[in-house]
Engineer: 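I am attaching a structure below and will ask some questions about it afterwards.
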There are 2 protein chains.
Amino acid sequence: MAIGRRPGAYECGIDAAMDVIAGKWKVLILWALNERACRFGELRRLLPGVTEKVLASHLRELEADGIVHREVYDEVPPRVEYSLTSLGVMLNEALAPLGAWGREHILGNMEKVSHVQR
Amino acid sequence: MAIGRRPGAYECGIDAAMDVIAGKWKVLILWALNERACRFGELRRLLPGVTEKVLASHLRELEADGIVHREVYDEVPPRVEYSLTSLGVMLNEALAPLGAWGREHILGNMEKVSHVQR
DNA sequence: CAGTATCCTGATAGATACTG
DNA sequence: CAGTATCTATCAGGATACTG
């Protein structure tokens, strides 16, 4: 039931939310899954540099926090798909302004497009 | 000029923004400074558990990233005030939805109030 | 008051090899 | 394919003492 790594120890909402997305690759995982459901191997390829161990543990934590859903298909070869839960979708939406801020003030003035970006 | 700890290495805006606020106490510092400018000792008291070393290094990084302004008053005893820059204010505003998400979905249904919270 | 200077530790992540 | 199991490395953060 408890979400995050330090249940009940948060000072405020941002502190709590930060804990859920703390992890070197977590926001990138959320970004990738925002488009569509992905298999483990796909995610690994979408996140150049991540190791299997770290990707797996991040996915386990996001799953435990109710952010991503893990669907196992009983096939051979095995197929597992990760997707955002509704909570994950809402988290992504809550992250959008932060992404806009970073894109505008850190990445510099890239071309302005109308559709949602990170 | 470059902002963040890994200039030019960001995949997207959120990745970049996360880097700026990565640090155990940074969002709490931003939260505190959102109200008003604070002295070093005030911040230390507002963040129970932070050590002087960590608080100082976080403030240096936030200053280097253009998020907080450090104003030194040439007095005895010494007085230094930290405040948000306009970029810091914008960052805080971009963090507001994330704070709302965390407050609503992690901290649980606390009493709803109309003014801005974390 | 507002910090530095050292030293130290623990959590997180990377490397690599192996498995159902 | 989708992971687990070990081992190692790094480094952010903490403890403590000291200073302009």
Side-chain angles (χ1 to χ4, degrees), chain A residues 4-7 9-11 15 18-30 32-33 36-65 67-83, chain B residues 4-7 9-11 15 18-30 32-33 36-65 67-83:
Chain A
R5 242 57 50 206
R6 292 146 48 208
Y10 304 113
E11 298 285 333
D15 192 25
M18 286 296 296
D19 201 32
V20 172
I21 57 177
K24 190 170 177 181
W25 307 88
K26 283 189 183 172
V27 297
L28 296 177
I29 292 173
L30 295 182
L33 294 182
R36 58 178 177 78
C38 285
R39 303 175 62 168
F40 188 86
E42 289 180 300
L43 284 172
R44 195 175 39 185
R45 265 169 266 120
L46 286 171
L47 309 179
V50 74
T51 63
E52 297 164 323
K53 180 199 130 187
V54 170
L55 178 56
S57 77
H58 279 192
L59 286 169
R60 294 287 116 64
E61 290 182 357
L62 290 171
E63 189 189 1
D65 286 341
I67 307 299
V68 309
H69 171 69
R70 181 172 182 268
E71 184 76 36
V72 181
Y73 298 89
D74 195 7
E75 303 173 359
V76 176
R79 181 161 71 100
V80 177
E81 279 196 350
Y82 295 91
S83 58
Chain B
R5 244 54 52 204
R6 293 144 47 209
Y10 304 113
E11 297 285 333
D15 192 25
M18 285 296 298
D19 201 32
V20 172
I21 57 177
K24 189 169 178 181
W25 307 90
K26 283 189 184 173
V27 297
L28 296 177
I29 292 172
L30 294 184
L33 294 183
R36 58 179 176 79
C38 286
R39 303 176 62 168
F40 187 86
E42 289 180 300
L43 284 173
R44 195 174 40 184
R45 266 170 264 120
L46 287 171
L47 310 179
V50 74
T51 63
E52 295 166 323
K53 180 199 133 188
V54 171
L55 178 56
S57 77
H58 279 191
L59 286 169
R60 293 284 136 9
E61 291 182 356
L62 289 171
E63 188 189 3
D65 287 339
I67 307 299
V68 307
H69 171 69
R70 181 172 182 269
E71 184 76 36
V72 182
Y73 297 89
D74 195 8
E75 304 173 358
V76 177
R79 181 161 71 101
V80 178
E81 278 195 349
Y82 295 91
S83 57

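Chain letters run A, B, ... following the sequence lines, proteins first, then strands; residues in each count from 1.
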Engineer: Only counting residues at least two apart or in another chain, list the ones meeting side-chain contact (heavy atoms from CB on, under 4.5 Å) with B/D19.
Structural biologist: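 For B/D19, the residues satisfying side-chain contact (heavy atoms from CB on, under 4.5 Å) (neighbours in sequence not counted) are B/R5, B/R6, B/Y10.
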
Engineer: Whole angstrom is fine here: how far is it from CD1 in B/I21 over to P in D/dA12?
Structural biologist: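 About 16 Å, once rounded to whole Å.
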
Engineer: In whole Å, what is the span from the CG atom of A/D19 to the C1' atom of C/dT12?
Structural biologist: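 It works out to 13 Å between those atoms.
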
Engineer: Looking across every strand, which nucleic acid part, if any, lies under 4.0 Å from B/R70 by heavy atom: base, sugar-phosphate, or nothing?
Structural biologist: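 Here B/R70 touches the backbone only, sparing every base.
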
Engineer: Are B/L28 and B/L46 packed together at the side-chain level, in the sense that at least one heavy-atom pair is separated by less than 4.5 angstrom?
Structural biologist: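 Heavy-atom side-chain distance check fails, nothing below 4.5 Å.
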
Engineer: Can you check the A/Y82 OH to D/dG3 P distance for me, whole Å?
Structural biologist: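 Rounded to whole Å, this separation is 3 Å.
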
Engineer: Taking only N and O in the side chain of B/R79, is any of them less than 4.0 Å away from OP1 or OP2 of C/dA2?
Structural biologist: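 False: B/R79 side-chain N/O out of range (4.0 Å or more) of C/dA2 OP1/OP2.
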
Engineer: With a non-hydrogen cut-off below 4.0 angstrom, is A/R44 in contact with a base, only sugar-phosphate, or nothing?
Structural biologist: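 Here A/R44 touches no strand at all.
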
Engineer: Might you point out which heavy atoms bring A/A32 and A/C38 nearest each other, and give the distance in Å?
Structural biologist: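 Taking A/A32 first and A/C38 second, the nearest heavy atoms are O-SG, 4.5 Å.
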
Engineer: List in chain and number order the residues that pass side-chain contact (heavy atoms from CB on, under 4.5 Å) with A/E52, two or more places apart in sequence or in another chain; answer none if no residue qualifies.
Structural biologist: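 A/E52 satisfies side-chain contact (heavy atoms from CB on, under 4.5 Å) with A/F40, A/R44 only.
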
Engineer: Rounded to the Å, how far apart are B/R60 CZ and C/dT4 C1'?
Structural biologist: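 Checked: the CZ to C1' distance equals 10 Å.
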
Engineer: Within less than 4.0 Å of OP1 or OP2 of C/dA13, is there a side-chain N or O belonging to A/H58?
Structural biologist: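 Result: yes.
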
Engineer: Starting at atom CZ of B/R6, determine the distance to atom C1' of C/dA13, rounded to an integer number of angstrom.
Structural biologist: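 My rounded result for the distance is 13 Å.
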
Engineer: Are OP1 or OP2 of C/dC1 and a side-chain N or O of B/R39 less than 4.0 angstrom apart?
Structural biologist: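 Result: no.
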
Engineer: A/R79: what forms a salt bridge (Lys or Arg N to Asp or Glu O under 4.0 Å) with it, not counting sequence neighbours?
Structural biologist: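 Scan of A/R79 (salt bridge (Lys or Arg N to Asp or Glu O under 4.0 Å), adjacent residues dropped) gives A/E75, A/E81.
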
Engineer: Grab the CZ-P distance between B/R5 and D/dG13 for me, whole Å please.
Structural biologist: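 Interatomic distance, CZ of B/R5 to P of D/dG13: 10 Å.
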
Engineer: How long is the line joining CZ of B/F40 and C1' of C/dG3, in whole Å?
Structural biologist: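 In whole Å, C/dG3 C1' lies 6 Å from B/F40 CZ.
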
Engineer: If you write DNA chain D from 5' to 3' in dot-bracket form, with Watson-Crick or G-U pairs under 3.5 Å, [ ] for crossing pairs and | for pairs with another strand, what do you get?
Structural biologist: ||||||||||||||||||||

Engineer: Who pairs with B/V76 by side-chain contact (heavy atoms from CB on, under 4.5 Å), at least two apart in sequence or on another chain?
Structural biologist: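 B/V76: no side-chain contact (heavy atoms from CB on, under 4.5 Å) contacts found.
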
Engineer: Please tell me which of A/V54 and B/G41 maps to the more 5' nucleotide of DNA chain C, matching each residue to the nucleotide holding its nearest heavy atom.
Structural biologist: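 Here B/G41 is the residue nearer the 5' end.
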
Engineer: Rounded to whole Å, how long is the line connecting atom NZ of A/K24 with atom P of D/dT10?
Structural biologist: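 Roughly 13 Å, once rounded to whole Å.
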
Engineer: Between the protein and nucleotides 15-20 of chain C, are there any N/O to N/O pairs under 3.5 Å, and if so, what are the atom names and distances?
Structural biologist:
| unit_1 | atom_1 | unit_2 | atom_2 | d |
| --- | --- | --- | --- | --- |
| C/dA17 | N6 | A/E52 | OE1 | 3.4 |

Engineer: Considering residues at least two apart in sequence or located in another chain, which fulfil the side chain to side chain donor-acceptor pair (under 3.5 Å) criterion with B/R45?
Structural biologist: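 None.
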
Engineer: Show the nearest heavy-atom pair for residues B/D65 and B/G4, with the distance to one decimal.
Structural biologist: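 Nearest heavy atoms, B/D65 then B/G4: OD1-N, 2.9 Å.
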
Engineer: Sequence neighbours excluded and cut-off under 3.5 Å, please list the side-chain donor-acceptor pairs for residues 54-63 of chain A, or say none.
Structural biologist:
| unit_1 | atom_1 | unit_2 | atom_2 | d |
| --- | --- | --- | --- | --- |
| A/S57 | OG | A/V54 | O | 3.1 |
| A/R60 | NH2 | A/Y82 | OH | 3.0 |
| A/E61 | OE1 | A/K26 | NZ | 2.5 |

